[in-house]
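Being a predicted model, the structure only gives us computed values, none of them experimental. The chains referred to below are lettered A, B, ... by the order of the sequence lines, with proteins before strands, and numbering in each begins at 1.
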Protein chains: 2
Amino acid sequence: MAEGTTGGEGLLFLTDEQLRKGIEAMFFAYRGFTADPDRILETMDYGRAHHRAIHFIHRSPGTTVSNLLAILGVTKQSLNRVLRSLIDDGLVEARVGKSDKRERNLYLTPKGQDLERQLSDAQRARMRAAYRAAGPAAVQGFRTVLEAMMDPEMRRQYQSLREGEK
Amino acid sequence: MAEGTTGGEGLLFLTDEQLRKGIEAMFFAYRGFTADPDRILETMDYGRAHHRAIHFIHRSPGTTVSNLLAILGVTKQSLNRVLRSLIDDGLVEARVGKSDKRERNLYLTPKGQDLERQLSDAQRARMRAAYRAAGPAAVQGFRTVLEAMMDPEMRRQYQSLREGEK
DNA sequence: TTGGAAAGTCAACAAGGCTGACGTAAATTC
DNA sequence: GAATTTACGTCAGCCTTGTTGACTTTCCAA
């Protein structure tokens with residue numbers, strides 16, 4: 001039985017030691033997860049905060065500032081600083097809302113899409129390598145545990161982003 | 001076939017869309033992962049950096065400052081600031097090395113152990129809940145993918161911390 | 001005995017979080 | 001039509017946690 005994760009009928013025996021290993025796995029893996037984009041970003045004047053904004057604008061083109069605030073979980077002032085530099089540098093475009101003119105709909109410009117592609121290519125390459133090394137069953141489990149680890153509100157955000165998936 | 005992760009004989013069909021979902025899963029799950037300790041820490045004057053130091057000193061009592069630097073991947077000055085406050089507040093003790101008096105061996109005081117327990121109890125509770133909700137097979141896969149996602153150097157750190165495990 | 005490693009410290013700086021306050025335009029409600 | 005609420009932007013100031021660079025002290029080892 002591998003690493004004592006299970007007993008007879010799917011009951012889990014979870015020692016503190018096993019849980020601690022999961023915790024450290026998250027810590028070290030997250031470092032790897034962000035390492036490649038971080039390397040690209042530091043050559044420009046951007047950081048992880050810019051990456052996150054770019055990612056979610058790419059994911060949901062036309063999203064509003066409020067939506068982004070909810071997803072990223074930061075303050076308006078903090079996001080604004082990041083968004084400001086992306087708009088000034090011509091990576092993001094903010095169009096006045098059509099039905100509600102108070103809103104700003106956010107889009108990546110071609111230049112923004114270029115950077116998005118660079119960043120996500122790097123991140124996907126690592127993810128793909130990890131998936132291949134681990135195999136299909138592991139991938140399924142990986143996603144299942146991560147989803148269970150999210151706060152309910154974040155899980156909703158995550159799942160709503162997955163709409164349109166088969 | 002669940003979510004198209006596999007074809008016939010274990011070959012993975014990984015669309016960009018699937019990889020992106022894995023990326024977002026990491027993002028949202030990491031937020032959940034740190035949420036509980038963060039809530040505890042903010043009531044005191046500590047942050048995530050203090051938590052990391054406490055965690056690894058607890059994990060390897062008597063570890064040196066250099067070891068900690070290698071594991072945490074920050075600069076000496078950055079770690080020193082955190083360590084300084086923990087020592088001043090009586091959570092960590094730095095004993096002059098026995099064989100090499102330049103080294104400082106780090107230990108948690110009883111007060112430090114109290115905080116460590118609070119933090120790890122909270123973090124383990126979430127991890128345990130996620131593990132239970134996902135099931136044993138998923139847990140196995142979770143750990144496998146995370147390990148594959150680490151940088152080789154970090155993987156060694158991770159695995160060396162696991163020595164002594166059966 | 002001298003070179004270099006380990007550790008600590010001081011100073012300065014930046015990114016990216018935060019709070020609070022204030023302004024404006026647009027939408028909504030009364 | 002007036003008052004209120006909403007969405008967004010911005011100014012000012014603070015904190016944590018990362019960085020670089022320079023310098024000192026201690027002390028092991030060649």
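Distance from the side chain of A/Asn80 is smallest for D/dT10 among the nucleotides C/dG17, D/dT16, D/dT10. Among D/dG18, C/dG17, C/dA27, the nucleotide with an atom closest to any side-chain atom of A/Arg52 is C/dG17. Between D/dC27, D/dT20, D/dT10, one nucleotide has an atom nearer to the side chain of B/Gln77 than all others, and that is D/dT20.
Between B/Asp151 and B/Arg156 there is no salt bridge, since no side-chain N of the basic residue sits under 4.0 Å from a carboxylate O of the acidic one.
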_Using the rule given for side-chain hydrogen bond (donor to acceptor under 3.5 Å, both in side chains), can you reason through B/Gln157 versus A/Glu24, listing the C-alpha separation, both sets of side-chain angles and the distance that settles it, and then say yes or no?_
CA-CA 10 Å; B/Gln157 300 272 17; A/Glu24 291 185 3; over 6 Å; no

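Among the heavy atoms of the strands lying under 4.0 Å from B/Arg84 are primed sugar atoms or P, OP1, OP2 only; no base atom is included. Residue B/Arg48 is in sugar-phosphate contact alone, with no base atom involved, counting any heavy-atom pair closer than 4.0 Å across all strands shown. At a threshold of 4.0 angstrom between heavy atoms, the contacts of A/Ser99 are confined to the sugar-phosphate backbone, with no base atom among them.
Here the C1' atom of nucleotide C/dA27 and the NZ atom of A/Lys98 are 18 Å apart, to the nearest Å. We find that CZ of B/Arg81 is positioned 11 Å from C1' of D/dC15, with the value rounded to whole Å. The interatomic distance linking A/Leu69 (CG) with C/dC18 (C1') rounds to 14 Å, in whole Å. Distance CD (B/Glu42) to P (D/dT17): 12 Å, rounded to an integer number of Å. Here C/dG17 presents its P atom at 14 Å from NE2 of A/His51, a figure rounded to the nearest Å. Across the protein-nucleic acid pair, A/Arg39 atom CZ and D/dT19 atom P stand 15 Å apart, rounded to whole Å. When rounded to the nearest whole Å, the span between CG of B/Asp38 and P of C/dG17 equals 13 Å.
Of the side-chain N and O atoms in B/Thr75, one or more sit less than 4.0 angstrom from OP1 or OP2 of D/dT19. Between C/dG16 and A/His50, a contact under 4.0 Å exists linking OP1 or OP2 to a side-chain N or O.
At a cut-off of 3.5 angstrom, the base of D/dT6 holds at least one donor-acceptor pair with the side chain of A/Arg102. On a pure distance criterion of 3.5 Å, no polar donor-acceptor pair joins the side chain of A/Arg104 and the base of D/dG9.
A heavy-atom distance below 4.5 Å is found between the side chains of B/Arg132 and A/Leu14.
For A/Val82 and B/Ala94, each mapped to the nucleotide of DNA chain C holding its nearest heavy atom, the one lying further toward the 5' end belongs to B/Ala94. Comparing B/Lys76 and B/Leu79 by the nucleotide of DNA chain D whose heavy atom lies nearest to each, the residue mapping closer to the 5' end is B/Leu79.
A search for salt bridge (charged side-chain N to carboxylate O under 4.0 Å, His left out) contacts involving B/Asp88 returns B/Arg84, not counting sequence neighbours.
A cation-pi geometry, defined here as NZ or CZ lying under 6.0 Å from the six-membered ring centre and within 45° of its normal, does not hold between A/Arg52 and B/Phe27.
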